[in-house]
Asker: 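A single structure is presented below for examination.
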There are 2 protein chains.
Amino acid sequence: MAAKGTRPRTRIQQKNTSAILDAALDVFSANGFRGATVDQIAKAAGLSKPNLLYYFPSKEAMHQTLLAGLLDTWLAPLRALDPEGDPVEEILSYAGRKLEMSREMPRESRLFANEVLQGAPNLEGVLKAHLKPLVDEKAAVIAGWSADGRLAPLHPYHLIFSIWALTQHYADFDVQVRTVLPEIEAGDPFPEASRHIETMFRKMLEPGG
Amino acid sequence: MAAKGTRPRTRIQQKNTSAILDAALDVFSANGFRGATVDQIAKAAGLSKPNLLYYFPSKEAMHQTLLAGLLDTWLAPLRALDPEGDPVEEILSYAGRKLEMSREMPRESRLFANEVLQGAPNLEGVLKAHLKPLVDEKAAVIAGWSADGRLAPLHPYHLIFSIWALTQHYADFDVQVRTVLPEIEAGDPFPEASRHIETMFRKMLEPGG
DNA sequence: CGTCTTCCTGACCATTTGGTCAAACAACAA
DNA sequence: TTGTTGTTTGACCAAATGGTCAGGAAGACG
């Protein structure tokens, strides 16, 4: 019997579970949970459907495994925000890392977006337990910077939302962005997006004014 | 036979089609196209499933009717951006109207978000035909303002993306926003969001600096 | 009233889909 | 080789789901 619920042991388990999860990420992020079928995932993974269900007890289990595994990665940039660093540069580089993730991991971004859009049925608990405390902590840091006059006085929570919104937009609304952008830039919107976001935030974060 | 494909004629048709579309908006926006079932929509509309399919030939027809009907409303704020107005105030009030729409029409926002997230299979044509030209036009206006020194030099397309991202975030990621925000504000995030967005944009739009 | 059209529904159907299972097959140790 | 454990699949199933249809109910109209 496969080691369900625990980490894979054998080579084959290692290889297959990761193939399945990669395929599942493809399919879930492109179609949402209900829009994805086990057959699609199986085909994308190059395995048979019963074989997937040998490694994961259900479609939902694949989904939850993905979400759970991704959260750490997803929050890493915010975790890295250093209270000892320079305020403006810290926030700027947070936004930069986040944008980079939108570029490098668009599937993950869309997976989360799909989930949150539909009310986060499988995520709300985790959000309360992990996301909220982390944001509280970093919002306090930001509020401190503002209070010390090292940062423009901005609402810390909404500032964080702004960063999320702006950066994830390029992954989640990719089709729209590319449709609207003039041909040249639509090939890769990220360089310009990066410059734009940096310009914007620099202006609004600088304490003087 | 019902007047399929054209506007409703009789009272009953009027009443039922709008009840169906309203219910469909509820269900599609909350579950995505594939996640929504005709039964759910029927129940929400207070009609029987065959009755829905008397007014609309298919589930997909309901979806497309919604999308088509919504695009105008959705783009209205951008259309209203007045080339003759004061640059900063025009953009600010565009963002304000857009945020208001996120508050008043979150279902519509989520419907579009769902659609675009999944590659806009039923929308890409319309985006090319209507959204792109409009954005091109308004981006040119903004570029003109910047060139005249009446607005900070910002990338006009990415500026528009910023407004979309920031405002729609509050509708599309509602659950996340409310989970993260301190209790008091989570009751209604919009007043603070509005202030935050205005502060931000004012700083970055003003030409001096 | 009678007739014609619109509106509505219970019963039904075909397909899709998540999931099961017995049995075949591979890996490997003794 | 033989037994044991881990891996794979074809065939199958029950439920869900989009959609159909024949016929009944309700208006509209002369």
Side-chain angles (χ1 to χ4, degrees), chain A residues 1-28 30-67 114 118 121-122, chain B residues 1-28 30-67 114 118 121-122:
Chain A
M1 192 182 89
K4 295 175 183 176
T6 61
R7 291 294 91 203
R9 288 148 215 244
T10 75
R11 305 259 163 71
I12 291 184
Q13 277 178 37
Q14 177 65 256
K15 189 179 62 121
N16 283 351
T17 51
S18 75
I20 292 170
L21 287 176
D22 188 70
L25 180 55
D26 261 11
V27 177
F28 283 138
N31 304 95
F33 179 74
R34 288 233 21 206
T37 72
V38 179
D39 275 308
Q40 280 178 317
I41 301 173
K43 201 174 170 187
L47 297 170
S48 70
K49 181 169 71 159
N51 206 3
L52 293 215
L53 296 170
Y54 169 73
Y55 288 102
F56 292 88
S58 68
K59 176 183 163 185
E60 199 175 330
M62 301 175 205
H63 193 237
Q64 284 177 340
T65 302
L66 276 178
L67 285 177
N114 261 306
Q118 325 220 328
N122 287 314
Chain B
M1 193 182 86
K4 295 176 183 177
T6 62
R7 291 293 91 202
R9 285 145 219 247
T10 75
R11 305 259 163 71
I12 289 183
Q13 277 179 37
Q14 178 63 257
K15 188 177 66 117
N16 283 351
T17 50
S18 74
I20 292 169
L21 288 176
D22 188 70
L25 180 56
D26 261 10
V27 177
F28 283 137
N31 303 94
F33 178 74
R34 288 231 25 205
T37 73
V38 180
D39 275 307
Q40 280 177 320
I41 301 174
K43 200 174 168 188
L47 298 171
S48 71
K49 180 170 70 161
N51 206 4
L52 292 217
L53 296 171
Y54 170 73
Y55 288 102
F56 292 88
S58 68
K59 176 184 164 185
E60 199 175 331
M62 301 175 206
H63 193 236
Q64 284 178 339
T65 302
L66 277 177
L67 285 176
N114 261 307
Q118 325 220 326
N122 287 314

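These numbers come from the heavy atoms of this one structure, side chains and all, not from hydrogens, waters or symmetry mates.
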Asker: Among the candidates D:dT7, D:dG19, C:dT6, find the nucleotide nearest to the side-chain atoms of B:Ser58.
Answerer: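 Nearest to the side chain of B:Ser58 among the choices is D:dG19.
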
Asker: For D:dT8, does either OP1 or OP2 sit under 4.0 Å from a side-chain N or O belonging to A:Tyr54?
Answerer: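 No, A:Tyr54 has no side-chain N/O under 4.0 Å of OP1/OP2 on D:dT8.
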
Asker: Can you see if the side chain of A:Gln13 gets near the phosphate of D:dT7 - specifically, an N or O under 4.0 Å from OP1 or OP2?
Answerer: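 So the side chain of A:Gln13 is within the cut-off, an N or O lying under 4.0 Å from OP1 or OP2 of D:dT7.
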
Asker: If you check the A:Ile12 side chain, which of C:dT17, C:dT6, D:dT8 turns out closest?
Answerer: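 When the side chain of A:Ile12 is considered, D:dT8 is the closest of C:dT17, C:dT6, D:dT8.
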
Asker: Is the B:His63 ring parallel, tilted or perpendicular to the B:Phe28 ring (thresholds 30°, 60°)?
Answerer: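 Plane angle over 60°, so perpendicular.
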
Asker: Once you round it to whole Å, what is the distance between C1' of C:dT9 and CG of B:Leu52?
Answerer: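 B:Leu52 atom CG is separated from C:dT9 atom C1' by 12 Å.
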
Asker: Would you be so kind as to tabulate the donor-acceptor pairs closer than 3.5 Å made by side chains of residues 35-48 of chain A, with sequence neighbours excluded?
Answerer:
| residue | atom | partner | partner atom | Å |
| --- | --- | --- | --- | --- |
| A:Thr37 | OG1 | A:Gln40 | N | 3.0 |
| A:Gln40 | OE1 | A:Thr37 | N | 3.0 |
| A:Ser48 | OG | A:Asn51 | N | 3.3 |

Asker: Taking only side-chain N and O atoms of A:Tyr55, does any of them lie within less than 4.0 angstrom of OP1 or OP2 on D:dG6?
Answerer: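 No, because none of the side-chain N or O atoms of A:Tyr55 sits under 4.0 Å from OP1 or OP2 of D:dG6.
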
Asker: Of the nucleotides C:dC8, C:dG18, D:dT8, which one has an atom closest to the side chain of B:Asn51?
Answerer: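 That would be C:dC8.
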
Asker: Over all heavy atoms of both residues, which pair between A:Leu66 and A:Leu21 is shortest? Give the atoms and the distance, please.
Answerer: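 In this case the closest contact between A:Leu66 and A:Leu21 is CD2-O, 3.7 Å.
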
Asker: Taking CG from B:Leu47 and P from C:dC7, how many angstroms apart are they, rounded to a whole number?
Answerer: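 After rounding, the gap between these two atoms is 12 Å.
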
Asker: A:Gln118 and B:Asn114: side chain to side chain contact (heavy atoms under 4.5 Å, CB included), yes or no, with the steps?
Answerer: CA-CA 9 Å; A:Gln118 325 220 328; B:Asn114 261 307; 3.1 Å; yes

Asker: Among C:dT9, D:dT9, C:dG19, which nucleotide sits nearest the side chain of A:Lys49?
Answerer: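 Of the candidates, C:dG19 comes closest.
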
Asker: With heavy atoms under 4.0 Å as the rule, sort B:Arg34 into base, sugar-phosphate or nothing.
Answerer: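 Sugar-phosphate, backbone atoms only, no base.
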
Asker: Round to a whole Å and report the spacing from NE2 of A:His63 to P of C:dG19.
Answerer: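 Checked: the NE2 to P distance equals 13 Å.
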
Asker: Which whole-number value in Å describes the distance from B:Lys15 NZ to C:dT6 C1'?
Answerer: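 That distance rounds to 14 Å.
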
Asker: To the nearest 0.5 Å, what is the distance between CG on B:Asn16 and OH on B:Tyr55?
Answerer: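 One finds 4.0 Å between CG of B:Asn16 and OH of B:Tyr55.
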
Asker: Tell me what B:Ala36 touches on the nucleic acid: a base, only sugar-phosphate, or nothing, going by heavy atoms under 4.0 Å.
Answerer: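 Sugar-phosphate only.
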
Asker: Go through D:dC21, D:dT8, C:dC8 for me and flag the one nearest to the B:Pro50 side chain.
Answerer: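 Nearest to the side-chain atoms of B:Pro50, counting from C-beta on, is D:dC21.
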
Asker: Whole angstrom is fine here: how far is it from CZ in B:Arg11 over to P in C:dC7?
Answerer: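 Going from B:Arg11 (CZ) to C:dC7 (P), I get 12 Å.
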
Asker: Would you kindly give the NZ-to-C1' distance between B:Lys59 and D:dA16, to the nearest whole Å?
Answerer: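 It works out to 11 Å between those atoms.
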
Asker: Side chain of A:Asn16, heavy atoms from C-beta onward: which of C:dT9, D:dT8, C:dC8 has the nearest atom to it?
Answerer: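 Nearest to the side-chain atoms of A:Asn16, counting from C-beta on, is D:dT8.
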
Asker: Could you give me the CA-CA distance, side-chain angles and deciding distance for B:Met62 and B:Thr17, then say whether side chain to side chain contact (heavy atoms under 4.5 Å, CB included) is met?
Answerer: CA-CA 10 Å; B:Met62 301 175 206; B:Thr17 50; over 6 Å; no

Asker: Take B:Asp39 and A:Ser48, find for each the nucleotide of DNA chain D with the closest heavy atom, and name the residue whose nucleotide sits nearer the 5' end.
Answerer: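 Its nucleotide being nearer the 5' end, the pick is A:Ser48.
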
Asker: Nearest to the B:Thr37 side chain among D:dG18, D:dT7, D:dT20, which nucleotide is it?
Answerer: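 Closest nucleotide to the B:Thr37 side chain: D:dG18.
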
Asker: Check the distance between D:dC21's P and B:Leu53's CG and give it to me in whole angstrom.
Answerer: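 B:Leu53 atom CG is separated from D:dC21 atom P by 12 Å.
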
Asker: Could you state the CZ-C1' distance from B:Phe56 to C:dC8, rounded to the nearest angstrom?
Answerer: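 In whole Å, C:dC8 C1' lies 16 Å from B:Phe56 CZ.
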
